[in-house]
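Okay, so here's the structure we're looking at.
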There are 2 protein chains.
Amino acid sequence: MAHRPKNTVLLETASIDRDSFEPAYAQLANILRQNMVEGLLRPGSQLPSEAQLVERYGVSAMTVRRAINILVDQGVVTAEQGRGTFVKPVTLSAATFQLGQLENLFGNREGTNVQLLETRIVAADERVARKLAIHEGKRTIYMRRLLWNDNEPAFYHREYLIYDPTRPIVEAELEVTALQQLFSGTSEARSETGITSSLLKHGEISMEATLLDEEEARLLKVLQPMAAFCFEHLFYDFDDKPVSWGWFIGRADRLRFTTQVGLINA
Amino acid sequence: MAHRPKNTVLLETASIDRDSFEPAYAQLANILRQNMVEGLLRPGSQLPSEAQLVERYGVSAMTVRRAINILVDQGVVTAEQGRGTFVKPVTLSAATFQLGQLENLFGNREGTNVQLLETRIVAADERVARKLAIHEGKRTIYMRRLLWNDNEPAFYHREYLIYDPTRPIVEAELEVTALQQLFSGTSEARSETGITSSLLKHGEISMEATLLDEEEARLLKVLQPMAAFCFEHLFYDFDDKPVSWGWFIGRADRLRFTTQVGLINA
DNA sequence: GTTATACACTTATATATATAAGTTTACAAG
DNA sequence: CTTGTAAACTTATATATATAAGTGTATAAC
């Protein structure tokens, strides 16, 4: 308090509306973010201390705390114990791309369906055996599917599945709808019939940019050479055993991931 | 761990360690997540109510609340007022890829540097003018840079910058280090000298898979045809005016984004 | 059988209070 | 000058308590 010559941060006079539908902590978080948007709080500058915010906005310390925690979680400020809370500068590394942005492709919309190209039992070669943690030569289910959207092929999916009659995952995966559910993210925690999703515990997904080979280009109805996104996936069941290894390949001219960094208005 | 009636939700007997370095709310969140990992709490199933958790683990309601909020933020459970809190199933759409995963390429490591290929003043064509919200024909700074990593070209960067002597952004952007800072995400909220980053308020970044053209392939020292990641970016200053439009192009065989969906151990 | 109500649950929000712990500054001791 | 310490800040954690609001069920009234 004694020394605040130039550091006097002048915050907006906006206040908390107690009759609002929006909870106080959310309002305060938005007020603070708005201060950043308007340039009153610039990157590197220190936010008013929690005690100051309590006094200024007439809310309890816990409410202030929660508002600031939201901003911390959103990555726009950093709170350092004993020092203060500071506005973070913009960095490229903060950019995140979500696969869920493809939901518009595989939502509940009409014109989206899955075409099963092939299903057959194949012996696992060295690569498949290693990925699925089984012995080489053991039988696996190999599936090829084409995911259509608006009468255009959008994704070509190849997948190796553990072959085990006692595993219910196999039956479920054959359902074409299961794939769509996995993509569209209709969690439906309400229903206990999670089909595929509820039998998968976790998975690893990696994204690459590749060239389409002849077969892929033909199925996706494009001419070579053509760039593509390739999503390799490896899913595990609740025993932490791999059950599915495969790739989604989508034509690059239909796919684009967008994100925002820095201060977003809302 | 003897056998019990199946419908009884049996949570682990793990308890909160009050002498631990880890705060109680974090411990509880981890205990609950561990229950999911072990299959005691499966997707779709309901977590014990907050009141039950208070009694079982001997913590306050606020602590339980915070633990559950963490799980909600992490996207592994959904809390529905009046009904309960439920474990979410795994969905592909939850997969997120962070640009910050490239930090190992552009961190503080040795062998990482930026080569300025060209800087010149060019008149904005229709496309540039529209992106940067300036009049066609107005002067802009066009820069081409090559980002090296371990004596190999990793990214080719082209950028159009607003040309305005009154804007400090121009001077700062010429610093080759600024680019690295933007990538490596060394926020350094401590220092008020944010250089480039602190002058940028926000930006839009989109990711595409493309084919390298002749010039790009030559600079990145690869043969065509070659797939590549292309990150188009548009950055704004604190007046919400565009200041930088450009593309980072990286060879696909050196770039891979990985992510996890579902339950992560830690 | 249908409807309305009351009750028992759930999560959501908010306050007041206390303690712990990290950081910086000021100041006295050497 | 350096060093040690105390004080005054900061955020972090935790409890206890109260109220609000959504959901589902049992029950009484019609």
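Protein chains get the first letters and strands the later ones, always in sequence-line order, with residue 1 at the start of each. It should be emphasised that the depicted structure is a prediction, and the values quoted were computed from it without experimental measurement.
Remark: side-chain polar atoms of A:Thr259 are paired, donor with acceptor, to backbone N or O of A:Thr96 under 3.5 angstrom.
Here the side chain of B:Ala79 is nearest to one of C:dT17, D:dT10, C:dT11, namely C:dT11. For A:Arg83, whose side chain is taken as the heavy atoms from C-beta onward, the closest listed nucleotide among C:dT13, C:dT10, C:dT23 is C:dT23. Distances were taken from every side-chain heavy atom of B:Thr85 (C-beta onward) to each of D:dT11, D:dT15, C:dT11; the shortest belongs to C:dT11. Checked against C:dT11, C:dT10, D:dT10, the side chain of B:Gln52 finds its nearest nucleotide in C:dT10. The side chain of B:Ala51 approaches C:dT10 more closely than any other nucleotide in the set D:dT11, C:dA12, C:dT10. Listed candidates were C:dG22, C:dT15, D:dT13. Nearest to the side chain of A:Thr63 is C:dT15. Among the nucleotides D:dT11, C:dT11, D:dA14, the one closest to the side chain of B:Ser60 is D:dA14.
Distance CZ (B:Arg65) to P (D:dT19): 18 Å, rounded to an integer number of Å. Note: CD (A:Gln81) to P (C:dT19) measures 17 Å, nearest angstrom. At whole-Å resolution of the value, CG in B:Leu47 and C1' in C:dC9 are 16 Å apart. Distance CD (A:Gln46) to C1' (D:dT10): 8 Å, rounded to an integer number of Å. Spacing between atom CD1 of B:Ile16 and atom C1' of D:dA14 amounts to 12 Å, rounded to whole angstrom units. Regarding A:Arg66, its CZ atom lies at a distance of 7 Å from the C1' atom of C:dT13, rounded to whole Å. Atom CG in B:Leu53 sits about 13 Å away from atom P in D:dT15, given to the nearest Å. Whole-Å rounding puts the A:Glu50 CD to C:dT17 P distance at 17 Å.
Atoms CZ and CG, on B:Arg66 and B:Leu28 in that order, are 12.0 Å from each other to the nearest 0.5 Å.
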* Begin with the C-alpha distance, continue with both residues' side-chain angles, and end with the deciding distance and a verdict on side chain to side chain contact (heavy atoms under 4.5 Å, CB included) for B:Val87 and B:Val76. => CA-CA 6 Å; B:Val87 183; B:Val76 297; 5.9 Å; no
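Ring geometry for B:Phe155 versus B:Phe231: interplanar angle of 30 to 60°, hence tilted. A parallel orientation is assigned to the rings of A:Tyr236 and A:His202, their planes being inclined by less than 30° (bins at 30° and 60°). In this structure, A:Phe229 and B:Phe229 have tilted ring planes: the angle between them lies in the 30° to 60° band.
The shortest non-hydrogen separation linking B:Ala79 to B:Thr85 is CB-OG1, 3.8 Å. Across A:Leu71 and A:Ala29, no two heavy atoms sit closer than the pair CD2-O, 3.8 Å.
Inter-residue side-chain proximity for A:His157 and A:Val114 is flagged as unmet; no heavy-atom pair is nearer than 4.5 Å. Considering only heavy atoms from C-beta on, B:Val64 comes within 4.5 Å of B:Val59 through its side chain.
Of all the residues in residues 18-28 of chain A, A:Arg18, A:Pro23, A:Ala24, A:Tyr25 reach under 4.0 Å from DNA chain C with at least one non-hydrogen atom. Non-hydrogen atoms lying under 4.0 Å from DNA chain C are contributed by nothing in residues 69-76 of chain B.
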